[in-house]
Number of protein chains: 2
Amino acid sequence: MSQNSASHNSAPLPDCGVARFLLLLDGPWATLIVRELLHGPHRFTELMDALPGISAHTLTNRLRKFVRHGLVTRTAYPEIPPRVVYELTPLGHQLRAVLTAMDDWALTVPTSAFTPTGG
Amino acid sequence: MSQNSASHNSAPLPDCGVARFLLLLDGPWATLIVRELLHGPHRFTELMDALPGISAHTLTNRLRKFVRHGLVTRTAYPEIPPRVVYELTPLGHQLRAVLTAMDDWALTVPTSAFTPTGG
DNA sequence: TGCATCAGTTACGTCAACTGCACCAATGGC
DNA sequence: GCCATTGGTGCAGTTGACGTAACTGATGCA
């Protein structure tokens, strides 16, 4: 796990696109956040509401990572109370194809595939 | 994280296909194993060799989960030394579309997107 | 007898992601 | 003054994915 799918601290970059994808969309929440953002720009609390169970801490971290890597833009309005809007960049929007593929797979697959016994 | 992308112990099944997908392809290695299996049937050690860094422990666990959920078949030949072949089921092969989408995204995207500073 | 192979299993430990709770700043309403 | 709101931050603690090392069983080889 030092050159396949871990963080980008020492590894230059895996050749494989799948591995690269996993570099950015790694945790369980990451992909779900992108899914929400695909519906349009969201404020912080809107994302919190849309993702029941996520903590502010986790959401902040994922969002920061996305911003750092150019998947998402963060726009802060100097109002009171503050308003911050997160929006996918064109790069982030290109992830729609991936999410759609995941969706198609999971939805065409029999429900039994998700049960531990397999049927 | 009790009904979005966690295990299938109590949650019936998320409505969202993306969340369902994440139920099965969760860890960093899971997707990479599927990627290798997409190239054809593999023996245990072949998978070990193809995935530098993975431990037998992790590989066993991921493979078991896939078998349990019907993504992969496990064929053990009663030879000495033993030979076990893992192969994707049609269900598993349908994941090719998802992996291809990941690959396309990562490869059309500028390399700078993977650097922490965002380019 | 002892070492090597394959495909694991088991015990034990690490490490990062994630969680919950409290707290902050600045302002509006009561 | 006190509470609510928004968008977080810090600390402590949990979870579980993952890693290392040792071991198994049956056989071939020296």
Side-chain angles (χ1 to χ4, degrees), chain A residues 1-11 19 22-33 36 41-68 72-87 116, chain B residues 1-11 19 22-33 36 41-68 72-87 116:
Chain A
M1 173 81 67
S2 58
Q3 47 182 346
N4 267 296
S5 61
S7 68
H8 32 65
N9 298 326
S10 55
L22 263 14
L23 236 37
L24 264 39
L25 282 289
D26 47 354
W29 286 115
T31 312
L32 261 11
I33 293 173
E36 291 309 314
H42 279 67
R43 301 179 58 174
F44 190 84
T45 43
E46 286 172 347
L47 250 11
M48 288 285 289
D49 292 343
L51 268 11
I54 197 173
S55 68
H57 208 1
T58 300
L59 184 55
T60 301
N61 285 354
R62 295 295 95 195
L63 252 10
R64 272 192 205 300
K65 181 170 184 178
F66 290 158
V67 170
R68 208 165 59 229
V72 164
T73 57
R74 178 186 189 275
T75 311
Y77 297 90
E79 307 169 354
I80 294 296
R83 184 161 59 98
V84 178
V85 173
Y86 293 95
E87 189 169 3
Chain B
M1 169 85 59
S2 57
Q3 46 182 348
N4 269 296
S5 62
S7 68
H8 33 65
N9 298 326
S10 54
L22 264 13
L23 236 37
L24 264 39
L25 282 290
D26 46 355
W29 287 116
T31 311
L32 262 11
I33 294 172
E36 291 309 313
H42 279 67
R43 299 180 59 176
F44 189 84
T45 44
E46 286 172 347
L47 252 9
M48 287 285 289
D49 292 344
L51 269 9
I54 197 172
S55 67
H57 193 34
T58 301
L59 184 54
T60 301
N61 284 353
R62 295 295 95 196
L63 251 11
R64 274 193 202 299
K65 181 171 184 178
F66 290 158
V67 170
R68 208 165 59 229
V72 166
T73 57
R74 179 186 187 274
T75 311
Y77 297 89
E79 305 170 352
I80 296 295
R83 185 161 58 97
V84 179
V85 174
Y86 293 93
E87 190 169 3

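These figures come from a predicted structure and were not determined experimentally. Letters go in sequence order (proteins before strands), and every chain restarts at 1.
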Detail all sub-3.5 Å separations between protein N/O atoms and N/O atoms belonging to nucleotides 1-7 of chain C.
| residue | atom | partner | partner atom | Å |
| --- | --- | --- | --- | --- |
| C/dC6 | O3' | B/Arg43 | NH2 | 3.0 |
| C/dC6 | O3' | B/Pro82 | O | 2.9 |
| C/dA7 | OP1 | B/Arg43 | NE | 2.9 |
| C/dA7 | OP1 | B/Arg43 | NH2 | 2.9 |
| C/dA7 | OP1 | B/Val84 | N | 3.2 |
| C/dA7 | OP2 | B/Thr45 | N | 3.3 |
| C/dA7 | OP2 | B/Thr45 | OG1 | 2.8 |

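Protein atom CE of B/Met48 is 14 Å distant from nucleotide atom P of D/dC18, rounded to whole Å. Atom CG of A/Leu22 is separated from atom C1' of C/dA17 by 15 Å (rounded to the nearest Å). Counting to the nearest Å, the P atom of D/dG7 and the CZ atom of A/Arg64 are 13 Å from each other. One atom, CG of A/Asp26, and another, C1' of D/dA17, lie 13 Å apart when rounded to the nearest Å. Atom CG of A/Asp49 and atom P of D/dG7 are 11 Å apart (whole Å). To the nearest angstrom, C1' of C/dG8 lies 11 Å from CG of B/Asn61. Summarising the geometry, the separation between CZ on A/Arg62 and C1' on C/dA16 is reported as 10 Å, rounded to the nearest angstrom. As a whole-Å value, the separation of A/Leu59 CG from C/dA17 C1' is 14 Å.
Every residue meeting the side chain to side chain contact (heavy atoms under 4.5 Å, CB included) condition with A/Pro41, not counting sequence neighbours, appears here in chain and number order: A/Val85, A/Glu87. With sequence neighbours left out, the side chain to side chain contact (heavy atoms under 4.5 Å, CB included) criterion links A/Thr60 to A/Phe44, A/Arg64. Judged as a salt bridge (charged side-chain N to carboxylate O under 4.0 Å, His left out), and not counting sequence neighbours, B/Arg43 has no contacts.
For A/Thr58, no side-chain nitrogen or oxygen approaches OP1 or OP2 of C/dC18 to under 4.0 Å. Between B/Trp29 and D/dG19 there is a side-chain N or O to OP1 or OP2 distance below 4.0 Å.
Between B/Ala30 and A/Ala56, the residue whose closest nucleotide on DNA chain D is further toward the 5' end is A/Ala56.
Across D/dT20, C/dG20, D/dT9, the shortest atom-to-atom separation from the side chain of B/His57 is found for D/dT20.
In this structure, the side chains of A/Ile33 and A/Leu51 come closer than 4.5 Å at one or more pairs of heavy atoms. The closest side-chain heavy-atom distance from A/Arg62 to A/Leu47 is not below 4.5 Å.
Every pair passing side chain to side chain donor-acceptor pair (under 3.5 Å) that includes a residue from residues 45-55 of chain B is listed here, sequence neighbours excluded: B/Ser55-B/Thr58. Applying the salt bridge (charged side-chain N to carboxylate O under 4.0 Å, His left out) test to residues at least two apart or on different chains, the pairs with a partner in residues 72-85 of chain A are A/Glu79-A/Arg83.
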